[in-house]
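Each remark here refers to the structure printed beneath this line.
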There are 2 protein chains.
Amino acid sequence: MNGLYEHKDYGSLSDKVYRFLRNAIAEGRYQTGDCLVEMKIAEELGVSRTPVREALKQLELEDLVTSHPNRGVVVKGFSIEDLQDVSTIRHLLEGQAAFWAAQRVTDEQLKELREVVELMEFYTAKNDISHLVALDTRFHELIYEASGSRTIRHILASLHHNIRKARQSSLTLPDRAPNSLAEHLSIFQAIERRDAQAAKEHMEAHVAIAAGNRMSE
Amino acid sequence: MNGLYEHKDYGSLSDKVYRFLRNAIAEGRYQTGDCLVEMKIAEELGVSRTPVREALKQLELEDLVTSHPNRGVVVKGFSIEDLQDVSTIRHLLEGQAAFWAAQRVTDEQLKELREVVELMEFYTAKNDISHLVALDTRFHELIYEASGSRTIRHILASLHHNIRKARQSSLTLPDRAPNSLAEHLSIFQAIERRDAQAAKEHMEAHVAIAAGNRMSE
DNA sequence: ACACAAGTGTTTGTATACAAATATACAATG
DNA sequence: CATTGTATATTTGTATACAAACACTTGTGT
């Protein structure tokens, strides 16, 4: 079901530590500036330092922590400005992804997209937000994939967690869901008729609405 | 001198292994599909598996290799399409970076930019390509920094190696250097007078010219 | 009292040892 | 002959041990 983002086996200890730390930072349990000591985390989770180091490395490459050589890693966290910047970057990249998707989508991918949109209609009628969030994610992932660009997939995947948060808070706004559905439908139809420019514009509008817009154009 | 991209202490073994592997992939010594075995690399470089694992992790997060859990990592490499996609993405992101830089640049950063441009004039007159490549990199780094967006800095840093390659091959084209200098000057002047829209447009033109353009607009 | 150096403790960086998972070769069985 | 099960070898995942780097305290000399 969830084709993308299963970076690796979710049973591995490294990944458990990684997810633990990511959540802890997201929930504010570790604050900006806090020093993350490998040994303490290892003891807290009952594992050795090795998987902790791997998790920290991953967090570093995702820019959630900074590593000072021989001196440990400190939490970076995200400011409001950072989150706004991310939504602007999403605007740019998701628009381009939709553009490429319209040019490069396969019939198989088109079929999958259609199914997702139909499911969205179903759950919107039932006002089932949690299913809609999952479908929303799936919809966008399919477009990344259809874009055929490894790089854009990779970048958007690394922004995934921020994006997911934005999606959730957006869809829970009153009456947002029906409009969101209409926007998804427009994007899908533009891709279906291979209209790259329209796909891009609909996607940009969709992303801009979903996040409090603050663009350069 | 090189403020950005010094991810960590360049004396650490992890980083030596990382740079070795990155070069080996770039130079085609490891081909797409090749299986990278930790022990072999460790022996080849005379280190233990630990720094090799860290290096592989970094390569994985930079999307140069894929890791199959319990089965090792294989080289991904880059296709022509990938490289073209990267230049399109650069177009989008560097334009946005210049836009933000014009809005947020500090006097100190402006001074540094001016110095770089002046040095560029000097070395362009002497037709010293290698110094120009370094200054080109520095110029763009300063703009990423001035953009004040951690995320855009982070993404462009992860594309850094691809970008560097593009820059080098671009500047070695005959008579490219003087034009490149004029473009840099335009970008700098737009930022200096805090004209965000102009900065963005000049930067987009610059990136588009430097790479064989193939944009959506 | 203050500056500075040696020593101590903590923490990271690296090496190595061991366990778990997977691939491979080969034999047994239908 | 194909298939399946098992033993073996290779390789990754994890734990632990040790070395190097750094922060901090303490003691000494001026």
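Within every chain, numbering begins at 1; the chains are lettered A, B, ... in the order of the sequence lines, protein sequences first and strands thereafter.
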**Message:** Using side-chain heavy atoms (C-beta onward) and a distance below 4.5 Å, is Gln31(A) in contact with Val75(A)?
**Reply:** no
**Asked** Should His140(A) and Asp136(A) count as side-chain neighbours, where that means a heavy-atom distance under 4.5 Å?
**Response** yes
Using atom [atom1] of [X] as one end and atom [atom2] of [N] as the other, report the distance to the nearest whole Å.
X	N	atom1	atom2	result
Arg49(B)	dC18(C)	CZ	P	14 Å
Arg53(B)	dT11(D)	CZ	P	14 Å
Leu13(B)	dT12(C)	CG	P	18 Å
Met39(B)	dT14(C)	CE	C1'	14 Å
Lys57(A)	dT12(C)	NZ	P	14 Å
Leu56(B)	dT11(D)	CG	P	14 Å
His68(B)	dT10(D)	NE2	P	22 Å
Lys16(A)	dG13(D)	NZ	P	14 Å

**Which residue lies more 5' along DNA chain C, comparing Thr50(B) with Val37(A) via nearest heavy atoms** = Val37(A)
**Request:** Kindly give the heavy-atom pair with the smallest separation between Met203(B) and Gly95(B), and that separation in Å.
**Result:** CG-N, 3.9 Å
**Message:** Show the nearest heavy-atom pair for residues Ser147(A) and Ala97(A), with the distance to one decimal.
**Reply:** CB-O, 3.5 Å
**Message:** Regarding Asp85(B) and Arg104(A), does a basic nitrogen lie under 4.0 Å from an acidic carboxylate oxygen?
**Reply:** yes
**Presence of salt bridge, Glu141(B) and Arg138(B), under 4.0 angstrom** = yes
**Fill in**
The nucleotide from dG13(D), dT14(D), dT12(C) with an atom nearest the side chain of Glu38(B) is dG13(D)
Interface polar pairs with nucleotides 8-10 of chain C, N/O, under 3.5 angstrom:
none

**Asked** Could you walk me through whether Val105(B) and Arg194(B) pass the side-chain contact (heavy atoms from CB on, under 4.5 Å) check?
**Response** CA-CA 8 Å; Val105(B) 69; Arg194(B) 306 294 208 273; 3.8 Å; yes
**Prompt:** Reckon Leu36(A) touches a base, only the sugar-phosphate, or nothing at all at heavy-atom distances under 4.0 Å?
**Reply:** sugar-phosphate
**Request:** Mind telling me whether Phe139(A) and His184(A) have parallel, tilted or perpendicular rings, with 30° and 60° as the class edges?
**Result:** perpendicular
**Asked** Closer than 4.0 Å, any side-chain N/O of Ser14(B) to the OP1 or OP2 of dG13(C)?
**Response** no
**Message:** Assess the residue pair Ser149(A) and Ile89(B) against the criterion (side-chain contact (heavy atoms from CB on, under 4.5 Å)); give the C-alpha distance rounded to whole Å, side-chain angles, the decisive distance to 0.1 Å, and a yes or no.
**Reply:** CA-CA 10 Å; Ser149(A) 166; Ile89(B) 292 164; 4.2 Å; yes
**Prompt:** With the sugar-phosphate defined as primed atoms, P, OP1 and OP2, and the base as all remaining atoms, what B/S/- string results for nucleotides 20-25 of chain D, 5' to 3', for protein heavy atoms under 4.0 Å?
**Reply:** -SSS--
